Amino acid sequence: MQKLKHRSGLLTSTPDSPEWVKRAPTRAMLRAVGFTDDDFTKPLITVACPYTNITPCNAHIRDLGDIICNEIENSFGKPVLFGTPVVADGETMGMEGMKYSLVSRELIADCIEMMHEAYASDGIIALSGCDKTIPASLIPLARNNSIGLTLYGGSILPGKLHERDLTIVSIFEAVGEYSAGNMEADELHQIECHSCPGNGSCGGMYTANTMASAIEALGMSLPGSAANSAVDEYNKLSHEKRQDCINSVRALKVLLENGIRARDIMTRKAFENSITVIMALGGSTNAVLHLLSLAHEADVKLTIDDFELIGAKVPLIGDFKPFGKYVMADLFKIGGIPLVMKHLYQHGLIHGDCLTVTGKTVAENLANVPDLPSNQDVILPVTKPLAPPSKHILILRGNLAPEGAVLKLSGKEMLQHTGPARVFDCEEMALNAILDGQIHKGDVIVIRYEGPKGGPGMREMLSPSAALMGAGLGRDVALITDGRFSGGTHGIMIGHISPEAHVGGPLAIIEEGDILTIDINRRTLDVELSNSEINQRLKAWVKPDTKYKRGVLAKYAALVASASVGAYTI
């Protein structure tokens with residue numbers, strides 16, 4: 001296996017190297033943790049394991065890491081296992097802690113890069129669970145053009161109550177129903193107790209499952225691994241996820257033997273495949289943010305407008321929560337992401353010549369995948385979709401969003417919404433107004449100073465958006481923000497408004513009662529003010545004081561780029 005040790009000789013050296021004596025102190029320390037003479041001839045494999053016991057999304061990740069380490073140890077290499085931070089969006093939503101969520105994407109990526117590069121490891125398998133850990137697992141591979149792949153820990157199984165499937169969004173929306181007087185306290189408690197039955201990431205086509213699907217379509221994780229559930233009905237690791245661990249180690253060996261690096265796979269065409277799958281499945285708007293960031297790290301030219309251009313070709317064919325009926329476990333039952341990609345490939349919507357972590361092309365991977373079955377409605381045919389192209393994620397501009405904003409239409413027939421602005425300078429103020437019955441049909445809720453710099457951290461607005469849905473206002477009230485939305489959000493929601501308010505974007509000068517218009521056909525988001533009035537208000541605007549003077553959030557605010565380019569850090 002010494003031929004696969006193309007880099008880690010810098011750390012351990014090898015017996016025939018002139019550096020062998022110099023590296024003796026390093027080997028002495030490695031012997032203390034179980035390395036033997038034979039191990040110094042083997043490749044070092046980084047195993048990034050974002051484990052924590054505080055969220056079901058990642059509570060099983062250490063078990064997966066152990067399986068991977070054992071497989072590496074028993075086959076061809078020596079694993080280097082380590083953990084990373086994890087911030088669970090569903091748990092920190094609606095509070096200050098959520099400001100650390102998007103920030104954690106950068107911190108996790110930096111942790112993985114630091115360990116992989118410091119120890120000169122030869123290959124890497126980066127595990128992931130909760131949604132920021134998924135792009136974070138791939139950012140360092142793209143950044144340093146490493147040899148490796150990612151493995152998603154899998155989706156949670158749906159909760160059950162009164163013969164209906166529940167997800168984490170069920171309880172968020174139940175809060176709105178209860179606050180509006182449409183639900184009893186006991187029913188709220190029962191939904192709370194049954195929404196999350198075990199380990200795994202949130203079950204609908206929310207951000208975690210969206211990004212797992214996106215990375216599989218990108219070619220950076222094994223075919224089929226995105227839809228494989230984390231655990232079985234007894235909350236034990238599923239057979240499929242255990243096999244994913246074994247297969248990922250085998251795939252890594254192929255990558256090492258053939259010198260296939262991340263950027264050989266993460267090409268412009270591969271990103272187009274990824275966006276196509278997201279649009280087809282009805283995925284989260286967070287995918288825009290994460291794929292732009294990944295493309296930046298991979299030196300692939302990708303802009304926010306590419307999502308609009310690709311979306312114009314791709315119909316919505318996945319009937320998934322939050323707007324549809326099904327969860328990821330239902331996609332697993334019919335064949336997972338390979339089934340979706342095969343169908344899209346047959347209709348000319350997927351590039352088949354892209355290389356993947358199997359060492360084969362997309363077309364080769366799909367060769368033996370069955371056709372779309374006719375006796376199901378989880379995935380509909382391209383010829384009879386849930387909605388035609390340009391009916392899911394749209395990019396808006398206008399005098400409120402000169403650099404762009406992101407709307408998740410999810411097949412709705414909405415053409416225009418005009419209403420008075422209800423202005424809030426943070427998420428909590430907006431949520432309280434909704435729960436207190438102060439928001440009315442036709443309003444446009446504005447939540448600002450929640451952008452990458454202004455939050456800082458660009459919090460997700462699932463709490464207020466779910467409260468609107470639960471209160472029965474989802475079809476009649478729009479919510480716009482320089483923050484972002486959970487993949488569990490649905491309704492008339494526009495996020496990523498850029499430039500953000502904190503840097504003097506037009507959102508900063510909106511006043512209570514200003515008339516705002518969302519025009520789908522024109523792809524615009526405007527306030528009914530003249531340019532001179534906007535400029536006059538901007539001149540009078542005073543930038544708010546920065547709340548965080550030191551620490552992680554202060555560093556992030558100083559380094560983060562606009563959401564319109566992916567909110568990456570320098």
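Predicted model only: the values in this text are computed from it and were never measured.
Judged purely by atom type and a 3.5 angstrom limit, R484 has no side-chain atom pairing as donor or acceptor with the backbone of L289. No side-chain donor-acceptor contact under 3.5 Å links T546 to the backbone of Y548. The closest donor-acceptor contact from the side chain of K241 to the backbone of A230 lies at 3.5 Å or more, if one exists at all. The main-chain N or O of A557 is found under 3.5 Å from a side-chain atom of K453 such that the two form a donor-acceptor pair. One N or O on the side chain of H392 and one on the backbone of G283 form a donor-acceptor pair closer than 3.5 Å. Distance alone, capped at 3.5 Å, is enough to place a donor-acceptor pair between the R459 side chain and the M95 backbone. With E500 contributing its side chain and G454 its backbone, the two residues share a donor-acceptor pair below 3.5 Å. In this structure, the side chain of S101 does not engage the main chain of M98 through any donor-acceptor pair within 3.5 Å. Side chain of N209 to backbone of Y206: no donor-acceptor contact under 3.5 angstrom is found. Remark: the backbone N or O of I447 is paired with a side-chain donor or acceptor of T481 at under 3.5 angstrom.
Contact check for C111 versus P85: side-chain heavy atoms found under the 4.5 Å cut-off. Taking the side chain as every heavy atom from C-beta outward, P402 and P499 approach each other to under 4.5 Å. With a 4.5 Å cut-off on side-chain heavy atoms, I156 and C196 count as touching. Side-chain contact check for I480 versus I497: some heavy-atom pair is nearer than 4.5 Å. Here the side chains of C202 and T167 are not in contact, with every heavy-atom distance at 4.5 Å or above. Residues H496 and F485 form no side-chain contact, since every pair of their non-hydrogen atoms from C-beta on lies 4.5 Å or further apart. Using a 4.5 Å heavy-atom cutoff, the side chains of L386 and I317 are not in contact. Annotation: side chain of I139 is in contact with side chain of S293 (closest heavy-atom distance under 4.5 Å).
No more than 12 heavy atoms of other residues, nucleotides or ligands shown are found within 6.0 angstrom of CD1 on I54. Within 6.0 Å of CZ in R523 there are more than 12 heavy atoms belonging to other residues, nucleotides or ligands. Dense packing is recorded around NZ of K160, with more than 12 heavy atoms of other residues, nucleotides or ligands lying under 6.0 Å away. More than 12 heavy atoms of other residues, nucleotides or ligands shown are found within 6.0 angstrom of NZ on K549. Applying the 6.0 Å contact sphere to CE of M414 captures more than 12 heavy atoms from other residues, nucleotides or ligands.
A donor-acceptor pair shorter than 3.5 Å can be found between the side chains of H162 and E187. Side chains of T569 and E106: a donor on one and an acceptor on the other come within 3.5 Å. At a cut-off of 3.5 Å, with distance as the only test, a side-chain donor of D519 or Q416 sits close to an acceptor on the other residue.
Atoms OG and CG, on S128 and N58 in that order, are 8.0 Å from each other to the nearest 0.5 Å. From S201, atom OG reaches atom CG of D131 across 7.5 Å, with rounding to the nearest 0.5 Å. Here the straight-line distance linking atom NE2 of H189 with atom CD of E184 works out to 14.5 Å at 0.5 Å rounding. Rounded to the nearest 0.5 Å, atoms CE (M458) and CD (E450) are 10.5 Å apart. Interatomic distance, M266 CE to L302 CG, rounded to the nearest 0.5 Å: 10.5 Å. Within the model, atoms CD1 of I304 and CD1 of I395 stand 4.0 Å from one another, a figure rounded to the nearest 0.5 Å.
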Practice problem: Report the C-alpha distance between E96 and K547 in whole Å, list the side-chain angles of each, state the deciding distance to 0.1 Å, and finish with yes or no for salt bridge (Lys or Arg N to Asp or Glu O under 4.0 Å). | Solution: CA-CA 12 Å; E96 286 284 291; K547 180 178 178 181; 3.1 Å; yes

Self-check item: Residues N286, M211; criterion side-chain contact (heavy atoms from CB on, under 4.5 Å); working and verdict
Solution: CA-CA 8 Å; N286 278 315; M211 289 310 301; 5.9 Å; no

Practice problem: Applying salt bridge (Lys or Arg N to Asp or Glu O under 4.0 Å), run through K321 and D330 and close with a yes or a no. | Solution: CA-CA 11 Å; K321 294 179 183 294; D330 296 304; over 6 Å; no

Self-check item: Derivation of the side-chain contact (heavy atoms from CB on, under 4.5 Å) call for L127 and I61
Solution: CA-CA 7 Å; L127 288 155; I61 295 295; 4.0 Å; yes

Exercise. Could you check H290 against R105 for side chain to side chain donor-acceptor pair (under 3.5 Å), going step by step and ending with a plain yes or no?
Key: CA-CA 9 Å; H290 297 325; R105 184 188 75 180; 3.0 Å; yes

Quiz item: Does the pair F424 and V446 meet the rule for a side-chain contact (heavy atoms from CB on, under 4.5 Å), with working shown?
Solution: CA-CA 6 Å; F424 304 94; V446 176; over 6 Å; no

Self-check item: Pair I492-I518, side-chain contact (heavy atoms from CB on, under 4.5 Å): steps then yes or no
Solution: CA-CA 9 Å; I492 310 170; I518 303 161; 4.1 Å; yes

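Using a 30° and 60° split on the angle between ring planes, H502 and Y449 fall in the perpendicular class, above 60°.
Contact detail for Y178 and M183: the closest heavy-atom pair is CD1-O, 3.2 Å. Of all heavy-atom pairs spanning G198 and N235, the tightest one is CA-OD1, 3.4 Å. Closest non-hydrogen pair, A421 versus I510, comes out as CB-CG2, 3.7 Å. Across all non-hydrogen atoms, the minimal contact from I445 to A430 is CG2-CB, 4.2 Å. Closest heavy-atom contact between I379 and G318: CD1-CA, 3.9 Å. Across all their heavy atoms, I191 and R164 have their closest contact at CD1-NH2, 3.6 Å.
Of the charged side-chain nitrogens involved, at least one lies within less than 4.0 Å of a carboxylate oxygen, so that R537 and D514 count as a salt-bridged pair. Residues R448 and D482 are not paired through a salt bridge, judged by the lack of any N-O separation under 4.0 Å between the basic side chain and the carboxylate. A salt bridge links K132 with E460: at least one charged nitrogen is closer than 4.0 Å to a carboxylate oxygen.
Looking at T418, I494, D526, V444 one by one, the single match for side chain to side chain contact (heavy atoms under 4.5 Å, CB included) with L516 turns out to be V444.
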